[in-house]
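Worksheet: one structure, shown below.
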Protein chains: 4
Amino acid sequence: MSDTKNTPAPAPVPGANKVPKTERGRRTLRALLNAAAEEFGEKGFHDAAISQITARAGVATGSFYVYFDSKEAIFQALVRDLSGQVKDFVAPRIAAAPDQIAAEQAGQLAYLEFVRQHKEIYRIIDESEFVDPAAYREHYTKSATRIASRLQSAMERGEISDGDCEVRAWALMGINVFLGLRYGVWGDEAPEDVVREAGRFITEGLAPRKDSPQKSPARREEKP
Amino acid sequence: MSDTKNTPAPAPVPGANKVPKTERGRRTLRALLNAAAEEFGEKGFHDAAISQITARAGVATGSFYVYFDSKEAIFQALVRDLSGQVKDFVAPRIAAAPDQIAAEQAGQLAYLEFVRQHKEIYRIIDESEFVDPAAYREHYTKSATRIASRLQSAMERGEISDGDCEVRAWALMGINVFLGLRYGVWGDEAPEDVVREAGRFITEGLAPRKDSPQKSPARREEKP
Amino acid sequence: MSDTKNTPAPAPVPGANKVPKTERGRRTLRALLNAAAEEFGEKGFHDAAISQITARAGVATGSFYVYFDSKEAIFQALVRDLSGQVKDFVAPRIAAAPDQIAAEQAGQLAYLEFVRQHKEIYRIIDESEFVDPAAYREHYTKSATRIASRLQSAMERGEISDGDCEVRAWALMGINVFLGLRYGVWGDEAPEDVVREAGRFITEGLAPRKDSPQKSPARREEKP
Amino acid sequence: MSDTKNTPAPAPVPGANKVPKTERGRRTLRALLNAAAEEFGEKGFHDAAISQITARAGVATGSFYVYFDSKEAIFQALVRDLSGQVKDFVAPRIAAAPDQIAAEQAGQLAYLEFVRQHKEIYRIIDESEFVDPAAYREHYTKSATRIASRLQSAMERGEISDGDCEVRAWALMGINVFLGLRYGVWGDEAPEDVVREAGRFITEGLAPRKDSPQKSPARREEKP
DNA sequence: CATGAATGAGAGTTCATTCAT
DNA sequence: TATGAATGAACTCTCATTCAT
């Protein structure tokens with residue numbers, strides 16, 4: 001979900017194996033990517049069929065291979081394409097926030113809203129863990145790095161507490177992804193409410209307020 | 001990762017389609033499950049081949065269907081088998097904690113350690129999202145419900161702040177899973193350090209300590 | 001066309017990717033090879049279809065891949081299989097000859113007769129130059145080496161004139177192959193007549209007999 | 001390798017389906033033929049791709065069909081083009097020989113040298129057996145006929161011994177082709193040495209010289 | 001229980017050729 | 001002439017599952 005940001009846009013559709021030279025070619029390529037998003041989103045990578053993608057796109061089977069070398073290739077192109085869409089949606093809302101904590105919350109809200117409107121994106125990106133592990137790893141690593149550098153700056157400015165920014169970045173990303181899964185893909189609760197609750201979690205954590213009375217006990221059971 | 005807990009244990013290996021009656025049969029069944037864990041862990045569900053599983057187990061292809069009805073069946077059996085292992089490892093350490101916040105951190109640490117020792121488990125359970133979506137959803141939903149009820153009790157006892165416990169449960173689970181991915185599967189940092197940093201995140205959040213001097217604004221960029 | 005001679009028969013069908021363990025399996029494998037000989041012989045490697053081979057053999061498409069990894073694999077197995085057949089036909093007739101020159105002529109005759117009865121073999125082995133160049137080269141190199149060593153021995157015994165035995169081996173092999181092409185595959189002249197004429201060529205060459213009168217001139221044009 | 005000799009040269013490039021009218025067209029046609037020689041030489045007929053030929057030639061795919069009707073067509077054109085090159089190289093050296101035996105040896109030497117400098121030609125012409133069997137057969141038949149008629153004349157002049165000239169022509173051609181394969185394409189021995197040894201084979205055969213002492217028998221093994 | 005050969009539907013992929021621009 | 005996108009028939013290969021022994 002990010003990071004083609006400062007590259008000079010080498011191709012109109014990142015990841016495509018061939019850059020079309022004519023307008024007609026550009027239309028066909030876009031039709032293939034849209035069809036692939038539908039097909040992969042509905043069926044998942046392995047049950048998706050290239051013949052179905054071309055059928056949805058309204059082109060012949062062979063046309064697929066004019067633009068992509070393989071099923072994996074279009075999947076990868078699609079992941080990058082969708083990542084770009086997420087970035088374009090979320091980035092400006094982060095940039096508009098007054099401080100870092102507000103920024104993280106704005107990003108969370110934006111991410112949640114985007115996921116809800118593009119549920120298939122969630123599945124596609126997640127499945128890349130199994131289809132193209134390197135891409136999956138790179139995707140999350142880059143996102144975490146970016147979050148971490150935001151936190152680092154904020155920490156230096158004194159906006160947030162001291163601590164390991166990388167660990168906190170991964171934790172934050174985990175929160176966003178799982179809230180996205182639960183409340184974006186599966187549920188339909190109001191994103192604002194979710195973010196408000198999670199926001200309190202972020203800003204104050206599980207710790208009781210300093211002025212509230214502490215009691216005692218314990219409890220049990222496992223984790224996820 | 002859990003919750004076949006209170007079933008009356010109809011078979012020594014939960015999920016197997018047939019309970020072996022002979023000692024030889026039991027050995028074959030166990031060999032198949034071990035082989036499947038390797039094969040699925042290395043190749044993922046779709047690229048794993050039954051013929052490879054039987055080859056690793058040292059039995060004939062046909063023998064597979066004596067114990068399992070299908071490829072999906074052994075995968076599910078395996079997921080339950082592994083979930084039980086995670087639960088048996090994590091649960092007692094949660095139960096031993098003095099209070100809820102300590103419990104969550106103990107669970108996090110235990111989970112991280114377990115993931116590191118069984119990296120293939122992480123992958124197999126994750127892939128169930130695509131192999132058996134209902135099981136995947138149920139797995140995380142049950143885990144979240146359990147965490148939420150722990151938080152609810154703690155909240156009522158005043159151990160933690162007020163707020164929506166389900167949202168916080170999903171957030172916590174997201175933190176655990178992503179730290180598990182980053183520091184359990186991919187990295188080799190000391191789990192204690194990771195949990196300590198994440199613990200400060202949990203207990204105090206991103207908010208600066210009340211006594212630290214506040215400066216001003218800034219921000220930018222997107223989320224995951 | 002030779003040279004699995006002194007190996008301890010590692011497999012009933014040299015080159016097959018899998019050795020059948022049951023009688024039924026052996027029958028299927030043989031049926032596939034026979035079908036492949038027909039199909040490749042009639043259509044050549046590239047126009048031959050695996051589906052046609054299995055159809056001729058009376059088995060399902062998938063059964064092909066029980067025994068061979070690819071179209072190239074069965075082609076290679078077939079070349080070895082046929083080479084063995086040639087060897088088994090020609091070798092004893094060479095061994096029965098009284099001296100080396102008679103042996104070479106007996107071999108030539110036997111080769112010619114064999115080619116005539118198995119015209120498809122000729123085409124298949126020849127095509128291996130393009131399908132499996134290493135096999136083709138090895139095939140001819142080994143044959144030439146064997147001929148050369150026969151000539152070497154004969155030379156040391158004084159049965160033939162002094163000279164480079166390798167060059168003469170390749171020359172002899174060229175004669176046999178081209179006479180096989182012209183009079184075995186394409187023509188139907190009596191092999192005995194052909195060999196008698198070629199035999200005079202072998203034993204006395206183009207040189208006029210010592211007692212015949214020499215004249216003068218010259219001439220022109222190219223070679224093959 | 002020859003014999004478009006007396007046709008009225010309808011086009012600068014024999015075999016091309018269309019004669020270019022412009023200078024630009026002529027350059028494109030020549031670029032395509034050169035590219036085809038490379039591509040067919042490296043990959044063989046079936047693995048060669050039109051798209052690769054056009055890529056090598058630096059023209060668009062569609063341009064190919066301006067000059068050739070099909071893949072087979074350019075292959076044939078190429079074979080004729082190369083045959084002409086062989087002929088032009090070999091013929092004058094045969095014509096310059098003082099007698100028939102010297103002529104055959106001169107031809108052999110010239111052929112060997114040419115093959116060595118144009119290894120891809122050997123392969124391309126050989127493959128025509130499978131791409132265009134009629135052309136292949138005609139090619140060798142014509143060559144043999146020409147050699148036979150030379151021998152016939154020489155025989156009538158008493159330069160060579162009596163015998164069937166056609167059989168001897170095919171034998172000679174076989175020698176040349178196989179020595180070309182072994183010492184032209186695969187090896188790098190001095191052509192003169194090869195021809196000298198083969199020459200002794202031609203002029204005197206395998207027979208021991210009349211004045212050398214005869215010993216006795218022995219033999220074994222098969223032919224090619 | 002175990003074996004391993006057989007099955008066959010279905011997938012991805014190739015590429016010579018056509019044609020609108 | 002030149003271009004390059006579009007075509008689609010045809011092919012090789014995979015593998016979960018069945019079944020006779």
Side-chain angles (χ1 to χ4, degrees), chain A residues 18 20-29 46-54 58-72, chain B residues 18 20-22 24-25 27-29 46-55 58-74, chain C residues 18 20-29 46-54 58-72, chain D residues 18 20-22 24-25 28-29 46-55 59-74:
Chain A
K18 185 180 181 185
K21 288 172 179 160
T22 67
E23 178 52 29
R24 189 189 180 193
R26 267 182 294 275
R27 277 199 309 273
T28 302
L29 175 53
H46 283 96
D47 290 338
I50 295 205
S51 59
Q52 281 300 304
I53 293 176
T54 52
V59 300
T61 338
S63 300
F64 177 90
Y65 292 91
V66 171
Y67 297 100
F68 301 98
D69 287 343
S70 64
K71 196 181 177 183
E72 278 76 14
Chain B
K18 180 170 184 188
K21 292 191 173 89
T22 68
R24 186 191 184 192
R27 278 202 308 274
T28 302
L29 174 54
H46 282 98
D47 290 340
I50 300 279
S51 61
Q52 277 300 301
I53 292 175
T54 53
V59 300
T61 333
S63 302
F64 178 90
Y65 291 89
V66 172
Y67 299 99
F68 300 98
D69 288 343
S70 67
K71 194 182 180 184
E72 278 76 14
I74 195 177
Chain C
K18 183 179 182 187
K21 289 172 178 161
T22 68
E23 179 53 30
R24 189 187 182 196
R26 268 182 292 277
R27 278 200 307 275
T28 302
L29 175 53
H46 283 95
D47 291 338
I50 295 202
S51 59
Q52 279 301 303
I53 292 176
T54 52
V59 300
T61 338
S63 300
F64 177 91
Y65 292 91
V66 171
Y67 298 100
F68 301 99
D69 288 343
S70 65
K71 195 181 177 183
E72 277 77 13
Chain D
K18 180 169 184 190
K21 291 191 173 89
T22 68
R24 185 192 184 192
T28 301
L29 174 55
H46 282 98
D47 291 339
I50 301 278
S51 61
Q52 277 298 303
I53 294 176
T54 52
V59 300
T61 332
S63 302
F64 178 90
Y65 291 88
V66 172
Y67 299 98
F68 300 98
D69 288 342
S70 67
K71 195 182 180 184
E72 278 75 13
I74 194 176

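The sequence lines fix the lettering, A, B, ..., with proteins before strands; numbering per chain opens at 1.
- Taking atom NZ of residue C:Lys21 and atom P of nucleotide E:dT3, one finds them 10 Å apart after rounding to whole Å.
- Atom-to-atom distance recorded for D:Ile74:CD1 and D:Ile53:CD1 is 5.0 Å, nearest 0.5 angstrom.
- When each of E:dT3, F:dG4, E:dA6 is scored by its nearest atom to the side-chain atoms of C:Thr28, the top-ranked nucleotide is E:dA6.
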Next item on the list: With pairs defined as Watson-Crick or G-U wobble and both distances under 3.5 angstrom, please note down DNA chain F as a dot-bracket string, | for pairing with another strand.
Entry: .||||||||||||||||||||
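- Remark: B:Val59 engages B:Thr28, B:Leu32, B:Thr54, B:Ala57, B:Ser63 in a side chain to side chain contact (heavy atoms under 4.5 Å, CB included) (not counting sequence neighbours).
- In this structure, B:Tyr67 does not reach the E:dC1 phosphate: none of its side-chain N or O atoms is under 4.0 Å from OP1 or OP2.
- Taking the side chain to side chain contact (heavy atoms under 4.5 Å, CB included) definition, one finds that C:Thr22 meets it with C:Arg24, sequence neighbours left out.
- In terms of position along DNA chain E, the nucleotide closest to B:Gly58 lies nearer the 5' end than the nucleotide closest to the other residue of the pair B:Gly58 and C:Ala60.
- Mapping A:Val59 and D:Gly25 onto DNA chain F via the closest heavy atom, the residue that lands nearer the 5' end is D:Gly25.
- Residues passing the side chain to side chain donor-acceptor pair (under 3.5 Å) test with A:Asp47: none are found, sequence neighbours excluded.
- Contact record, B:Lys71 with B:Ala48: NZ-O, 2.9 Å, taken as the closest heavy-atom pair.
- Closest non-hydrogen pair, B:Tyr67 versus B:Gly25, comes out as OH-CA, 3.1 Å.
- Every residue two or more places apart in sequence or in another chain that forms a side chain to side chain contact (heavy atoms under 4.5 Å, CB included) with C:Ser51 is listed here: C:Ala49.
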Check: With the sugar-phosphate defined as primed atoms, P, OP1 and OP2, and the base as all remaining atoms, what B/S/- string results for nucleotides 11-21 of chain E, 5' to 3', for protein heavy atoms under 4.0 Å?
Finding: -SBBBSBB---
